[in-house]
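Notes to accompany the following structure.
Remember, it's a predicted structure, so these values are computed and weren't measured experimentally. Protein chains get the first letters and strands the later ones, always in sequence-line order, with residue 1 at the start of each.
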Number of protein chains: 4
Amino acid sequence: MPEKPSRLTSRLESLRPETPVAASQGAKPKAAKARGTRTQSAREVRSAARKEAILTAALEEFSASGFAAARLEDVAKRAGVAKGTIYLYFDDKEALFQELARSMLSPVVGHIETFATTDVPFRMLADNIVDVMVREVLTTRRKDIIRLIISEGTRFPALAEFYHREVLSRVIAALRVVLQRAVDRGELRHKALIEFPQLLGAPLLVAVIWNSVFGTFSPLDARAMLKAHIDILLDRGGA
Amino acid sequence: MPEKPSRLTSRLESLRPETPVAASQGAKPKAAKARGTRTQSAREVRSAARKEAILTAALEEFSASGFAAARLEDVAKRAGVAKGTIYLYFDDKEALFQELARSMLSPVVGHIETFATTDVPFRMLADNIVDVMVREVLTTRRKDIIRLIISEGTRFPALAEFYHREVLSRVIAALRVVLQRAVDRGELRHKALIEFPQLLGAPLLVAVIWNSVFGTFSPLDARAMLKAHIDILLDRGGA
Amino acid sequence: MPEKPSRLTSRLESLRPETPVAASQGAKPKAAKARGTRTQSAREVRSAARKEAILTAALEEFSASGFAAARLEDVAKRAGVAKGTIYLYFDDKEALFQELARSMLSPVVGHIETFATTDVPFRMLADNIVDVMVREVLTTRRKDIIRLIISEGTRFPALAEFYHREVLSRVIAALRVVLQRAVDRGELRHKALIEFPQLLGAPLLVAVIWNSVFGTFSPLDARAMLKAHIDILLDRGGA
Amino acid sequence: MPEKPSRLTSRLESLRPETPVAASQGAKPKAAKARGTRTQSAREVRSAARKEAILTAALEEFSASGFAAARLEDVAKRAGVAKGTIYLYFDDKEALFQELARSMLSPVVGHIETFATTDVPFRMLADNIVDVMVREVLTTRRKDIIRLIISEGTRFPALAEFYHREVLSRVIAALRVVLQRAVDRGELRHKALIEFPQLLGAPLLVAVIWNSVFGTFSPLDARAMLKAHIDILLDRGGA
DNA sequence: AATGAATGAGCGTTCATTCAT
DNA sequence: TATGAATGAACGCTCATTCAT
């Protein structure tokens with residue numbers, strides 16, 4: 001069913017833009033003049049592209065090596081710029097890291113609440129969530145951001161708070177609405193989920209971590225597992 | 001109920017020794033010749049204590065800073081030895097890290113299979129597992145090892161494999177036995193769990209990560225969540 | 001007496017133009033073709049103004065930070081031009097520095113010899129010198145040039161030689177004439193001054209350095225000190 | 001006369017030790033345990049020697065290039081140590097610089113007041129001061145320290161204050177005593193010197209600066225100039 | 001065995017200089 | 001002519017590792 005993009009799916013998918021997009025569009029090095037919506041000059045376009053290239057490269061390097069071990073020179077090389085160029089766009093290594101995380105998260109932020117406002121049967125919603133998670137998280141670089149936050153969150157409290165405030169707490173609030181409604185409608189029996197919506201997301205976390213840490217020698221069928229989880233919660237497939 | 005250590009509990013708890021124990025017995029610096037089982041000389045005892053002190057210190061530093069950012073000098077200081085002393089017991093930083101992880105995991109390994117051989121009602125077993133996890137993982141440094149493996153696993157494939165082979169795959173196998181039996185006995189309806197025992201452990205992972213990353217400003221009642229999860233799986237507390 | 005600008009004073013003061021004046025007239029960026037004396041086009045005027053702005057800014061930055069630590073970007077910012085523009089007028093940082101020093105010194109050069117040709121009583125001349133030094137050196141940016149030459153002279157032998165040749169040796173020669181005449185006339189007893197006219201200027205150096213280094217927390221009344229010095233040389237104010 | 005070291009001379013010369021001596025003798029890297037006067041271990045001796053070697057090398061490099069342009073690697077090379085070794089003894093480049101200045105000044109500090117307590121005819125004292133200045137300042141590295149303070153004082157206010165407080169203000173106070181006594185005894189006519197003892201020292205400053213900046217191509221006979229200055233103040237050699 | 005001073009490769013960051021626009 | 005983004009050599013500083021004591 002999720003194969004044929006329903007209206008719901010497409011709405012849920014609107015968190016799409018996977019490539020890191022700086023909050024400020026016309027990424028003028030260091031001084032991003034947000035001058036409304038205007039046609040960008042060639043230079044502005046090039047600048048924005050460069051910033052994105054750096055962010056993309058940074059994501060790859062940070063994912064592969066972690067914050068401390070990642071070398072800015074490698075980021076530069078991968079982005080096809082000189083070492084110094086990074087500093088035209090970011091104050092320092094830490095700022096690059098934090099902006100990276102934020103820029104990957106920001107597009108998500110705006111679309112989270114849609115969950116709650118979408119009025120569809122819970123099982124359909126659940127199926128779709130699984131689908132979106134697989135397509136938008138597990139098979140994209142967003143899973144790497146999640147891992148980075150797990151790995152470095154303790155060392156970057158500001159980032160952890162940002163992620164918690166802008167993403168997790170909203171997701172949880174939205175899920176609570178959805179779950180409450182499902183319970184009210186008799187679509188879901190487990191009221192405990194309302195208190196701990198984390199239980200709904202837990203398998204996603206397992207999938208992300210498992211496949212990144214053990215995936216090479218023991219891959220896990222994330223989609224199947226997520227579906228199984230939903231089935232359990234909905235008493236489906238039990239026989 | 002778990003308050004009064006039942007026979008089961010105590011067996012499960014026997015994975016106790018939380019302090020890192022060197023895999024090699026006598027811990028002769030560098031050339032650990034395990035010369036049969038012999039009463040250790042005073043020097044050997046002192047040496048083993050030193051190694052343990054270093055491992056304990058290393059765990060704390062690695063947990064706090066991650067592998068790359070942790071400073072061996074800080075480890076030494078915390079362990080009360082000189083920087084050079086570390087190299088009498090470990091080849092290099094990486095070896096220290098790997099031995100640390102292994103030494104923390106090893107005691108666990110031996111006791112995992114007990115799960116499968118313990119023949120108790122599933123719901124009792126499940127409750128006990130929750131209890132043990134909280135006491136032996138979430139409130140001890142073992143949670144830090146889990147986080148370290150999540151954070152550094154990609155950079156240390158050997159460690160990831162070790163952990164997968166010696167811990168996870170065994171735990172999963174044991175859980176499968178237990179879960180199969182529970183299904184067979186009609187104690188559990190969700191056969192899907194047999195295919196994905198990870199779903200049983202997922203909330204533990206969430207608890208570990210959540211409290212370490214967001215715990216300071218948004219603590220999560222891990223025990224309550226784990227219990228809620230069990231209740232859901234067992235259809236308890238629902239109605 | 002020096003209060004009412006006598007003819008002497010005004011002549012001494014003619015070393016006035018404090019703003020740096022480019023040695024090259026029309027200041028055509030880089031290729032300063034001095035095309036005879038012609039009315040400068042609007043563009044040439046603007047160009048000359050720009051060069052001056054850069055020199056003024058450079059003086060401030062070099063004075064504040066020294067040659068090595070001064071940042072060309074700051075010079076540009078202060079001059080209100082882009083970084084690259086500096087290179088339209090100067091070959092590199094060092095050339096900017098040397099031209100700066102030369103341009104500040106050049107106007108002085110032309111007027112030094114006037115000392116010798118002015119035929120006034122020594123004590124009047126001496127008083128005026130004090131006055132001019134205070135007004136034209138100590139309270140202007142020329143003191144900064146002196147400090148810069150002291151600080152950087154060793155690293156810029158060409159500059160040191162230039163300063164010595166074009167300024168110091170001339171001043172000294174002129175002073176010798178003046179001093180000799182004063183001795184001959186019986187206005188001055190200390191023949192040794194003729195050999196070491198530096199002794200006449202020494203207090204000026206002290207004033208410049210003292211006030212720039214210790215001035216903030218222990219200011220020195222330069223004028224009073226210079227006057228005291230003259231009084232000593234002239235045996236005034238003693239009894 | 002100054003040729004035959006009189007008692008006075010030797011007293012004045014007691015500011016001798018020219019090689020930089022760290023305030024704390026047994027220069028244990030970073031943690032200088034000042035444990036009274038004790039025989040230093042071989043290691044302590046070697047450590048102190050190293051610190052001195054670094055300071056000496058630093059003086060040379062800083063003198064030659066100025067603070068900003070001096071390269072720590074060159075300091076290390078000159079001192080015969082590795083780059084990192086410097087950081088065992090000094091926190092950073094700035095600390096090295098400040099400690100250098102202080103260590104060169106400290107031995108001076110203790111001996112300044114002797115001027116005032118020495119009760120000899122002023123002209124003898126003056127001659128001796130000239131002599132000591134030439135031997136202990138102009139022909140040693142102390143002149144470099146003076147130049148460094150002139151050059152970098154503005155950028156290192158703490159150093160400027162230290163120098164002013166510990167050296168200059170004391171010298172000036174001591175000179176005032178001496179000068180006052182000379183005036184009282186009728187040995188000196190110029191009372192103005194009491195207000196501005198700087199006038200006594202001004203030629204020394206000129207000599208230091210002149211010879212370091214123009215010395216190569218136009219050396220100045222500092223001793224002769226200083227003597228001439230004294231002669232002027234004392235009305236000697238006039239007729 | 002234990003120490004900790006010493007090393008030097010390595011990395012983050014700066015900034016003079018260049019050059020496409 | 002003027003700009004300022006881009007470059008990359010250079011340098012301060014760190015820290016894993018070694019080794020004389």
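Dashed line: the shortest gap from a side-chain N or O of C:Tyr89 to OP1 or OP2 of F:dT1 is not under 4.0 Å. Within the 4.0 Å cut-off from OP1 or OP2 of E:dA2, at least one side-chain nitrogen or oxygen of B:Arg46 is found.
The ring pair (Phe, Tyr, Trp, His ring centres under 6.0 Å) search around C:Phe162 returns none, not counting sequence neighbours.
Atom CD1 in C:Ile86 sits about 18 Å away from atom P in E:dC19, given to the nearest Å. As a whole-Å value, the separation of A:Phe97 CZ from E:dG12 C1' is 17 Å. Distance NZ (A:Lys51) to C1' (F:dA5): 14 Å, rounded to an integer number of Å. If you measure from atom CZ of A:Phe90 to atom C1' of F:dA5, you get 15 Å, rounded to the nearest angstrom. Across the protein-nucleic acid pair, D:Glu44 atom CD and F:dA20 atom P stand 21 Å apart, rounded to whole Å. Put simply, CG on A:Leu88 is 14 Å from P on E:dT13, counting in whole angstrom units.
Among C:Val75, C:Ile145, C:Ile54, the single residue meeting the side-chain contact (heavy atoms from CB on, under 4.5 Å) criterion with C:Leu59 is C:Ile145.
D:Ser47 contributes no side-chain N or O that, together with a main-chain N or O of D:Arg43, makes up a donor-acceptor pair within less than 3.5 Å. C:Ser103 places a side-chain N or O within donor-acceptor distance of the main-chain N or O of C:Leu100, the cut-off being under 3.5 Å. One N or O on the side chain of B:Glu44 and one on the backbone of B:Ser41 form a donor-acceptor pair closer than 3.5 Å. Between the side chain of D:Arg155 and the backbone N or O of C:Ser65, at least one donor-acceptor pair lies under 3.5 Å. Side chain of C:Glu99 to main chain of C:Phe90: no donor-acceptor pair is present (N/O by atom type, distance under 3.5 Å, no hydrogens or angles).
The aromatic rings of B:Phe156 and B:Phe67 lie perpendicular to each other, with more than 60° between the two planes, well past the 30° mark.
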Both atom distances under 3.5 Å, Watson-Crick or G-U wobble: I'd like the secondary structure of DNA chain E as a dot-bracket string, with | for pairs made across strands. .||||||||||||||||||||
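Geometric assessment of B:Lys93 against the ring of B:Phe62 yields a negative cation-pi assignment under the 6.0 Å and 45° thresholds.
For A:Arg50, the side-chain atoms get nearest to F:dT7 when compared with the rest of E:dA5, F:dT7, F:dT3.
If you find the closest nucleotide of DNA chain E to D:Ala82 and to D:Arg43, the one lying nearer the 5' end belongs to D:Arg43.
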I'd like to compare against my own output: the B/S/- annotation of nucleotides 12-17 of chain F with a strict under-4.0 Å heavy-atom distance to protein. SBBSSB
